[in-house]
Amino acid sequence: MFFTDPADDDDDDFTPSSTASSKLPSLFGGTPEKSPSLKYVAPKQPRSDRADSAGSAGAKSNSPAPSGQQTTTQTATVILASPVHAYLYVNGEAQSQGRVMSCILGNFTEKNFQLLLYRSKQNHLTRARIHQHFSFTVLPNNYGNFIDDQQRNWSIMLETGHYVDFIIQMGICRALVGAAPGGVVTQDVTVGEGYALQEGDQAQVSVSTFNITSGKKGDQ
């Protein structure tokens, strides 16, 4: 399949007064002068509730924003989920992990997708990031093989009703994250039958097209 800051008010505490006469000359027998005297003007005291709110606002504005608010990273959502039988290869031998859930998580805006195997929300078996070169190999009897982020070899068996849609969605995610302009990303959906094609052979090819909506397969 192909997937193409307020101002300082300290200076206002002392302001010149042109109407009040100076009493300093009368204390020394002098004549009052007409020059303006210094008159103390008490600053207005802020209300306690305003002071508290201003203080808290100042604290908020001076403190750094939490790391989570510095980016607009969106959380991944489940694109497709299906129960599977999972097997982990250890020293070349397949060890059954039982019947678990598998899902393809994605963030279409950031083009970030991953394959997850889990027993519950708190019990994850493995995770594999889906990128252009991520390989999901289809095998007979609805099996598929992949390597996770820890370079462990896994095999899963999907139920018949979910198999094709799951593999197609895998190919769509690979194409969305890594297809070069004009390039082609291929993903086998089923195991082929018969002998492999050789150079010079002729073959009949059926093509299906469908819309991609928010990273999901749409109408065909």
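No hydrogens, no waters, no symmetry mates; every other heavy atom, side chains included, goes into these values.
Membership of an apolar cluster is not assigned to Tyr89, as no side-chain contact below 4.5 Å to another ILVMFWY residue is traced. With side-chain heavy atoms closer than 4.5 Å counting as contact, directly or through intermediates, the hydrophobic cluster containing Tyr118 also holds Val78, Met101, Leu105, Leu116.
In terms of modelled atom types and a separation under 3.5 Å, the side chain of Arg119 and the main chain of His124 share no donor-acceptor contact. When atom types are taken as modelled, the side chain of Asn145 and the backbone of Asn153 share no donor-acceptor pair closer than 3.5 angstrom. Judged by distance alone, the side chain of Asn107 and the main-chain N or O of Thr109 form a donor-acceptor pair under 3.5 Å. Here the side chain of Glu110 pairs no donor or acceptor atom with the backbone of Phe108 at under 3.5 angstrom. Here the side chain of Thr126 pairs no donor or acceptor atom with the backbone of Asp148 at under 3.5 angstrom.
When all heavy atoms are compared, the tightest approach of Val84 to Ser102 is CG1-OG, 3.3 Å. Of all heavy-atom pairs spanning Met170 and Ile104, the tightest one is N-CD1, 4.0 Å. Here the shortest heavy-atom pairing between Ile130 and Cys173 reads CG2-CB, 3.9 Å. Looking at every heavy atom in both residues, Ala94 comes nearest to Tyr87 through CB-CB, 4.3 Å. Here the closest non-hydrogen pair linking Val138 and Gln187 is CG1-NE2, 4.4 Å. Listed here is the closest heavy atom pair of Ser82 and Leu158: OG-CD2, 4.1 Å.
The structure places CD of Glu159 at 5.0 Å from CZ of Arg99, a figure rounded to the nearest 0.5 Å. Distance CZ/Phe113 to CG/Leu115: 13.0 Å, rounded to 0.5 Å. Taken from NZ in Lys216 to CG in Asp165, the straight-line distance is 12.5 Å, to the nearest 0.5 Å.
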- Message: Checking Tyr163 against Met157 for the side chain to side chain contact (heavy atoms under 4.5 Å, CB included) test, could you report, in this order, the C-alpha distance in whole Å, the side-chain angles of both residues, the deciding distance, and whether it holds?
- Response: CA-CA 9 Å; Tyr163 183 78; Met157 184 186 73; over 6 Å; no
- Please report the C-alpha distance between Thr137 and Asp188 in whole Å, then the side-chain angles of each, then the deciding distance to 0.1 Å, and finally whether the side chain to side chain donor-acceptor pair (under 3.5 Å) criterion is met. CA-CA 7 Å; Thr137 304; Asp188 289 335; over 6 Å; no
- Report the C-alpha separation of Leu88 and Arg152 in whole Å, then their side-chain angles, then the decisive distance to 0.1 Å, and conclude whether the side chain to side chain contact (heavy atoms under 4.5 Å, CB included) test is met. CA-CA 8 Å; Leu88 173 63; Arg152 296 180 299 179; 4.0 Å; yes
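Val207 is listed as a side-chain neighbour of Val205, based on a closest heavy-atom distance under 4.5 Å.
One hydrophobic cluster holds both Leu125 and Leu80 under the rule that ILVMFWY side chains link at heavy-atom gaps under 4.5 Å.
Gln114 and Arg127 are linked by a side-chain donor-acceptor pair at a separation below 3.5 angstrom, with hydrogens and angles left out of the test.
Taking the six-membered ring for Trp and thresholds of 30 and 60 degrees, Phe136 and Phe146 have nearly parallel ring planes, at less than 30 degrees apart.
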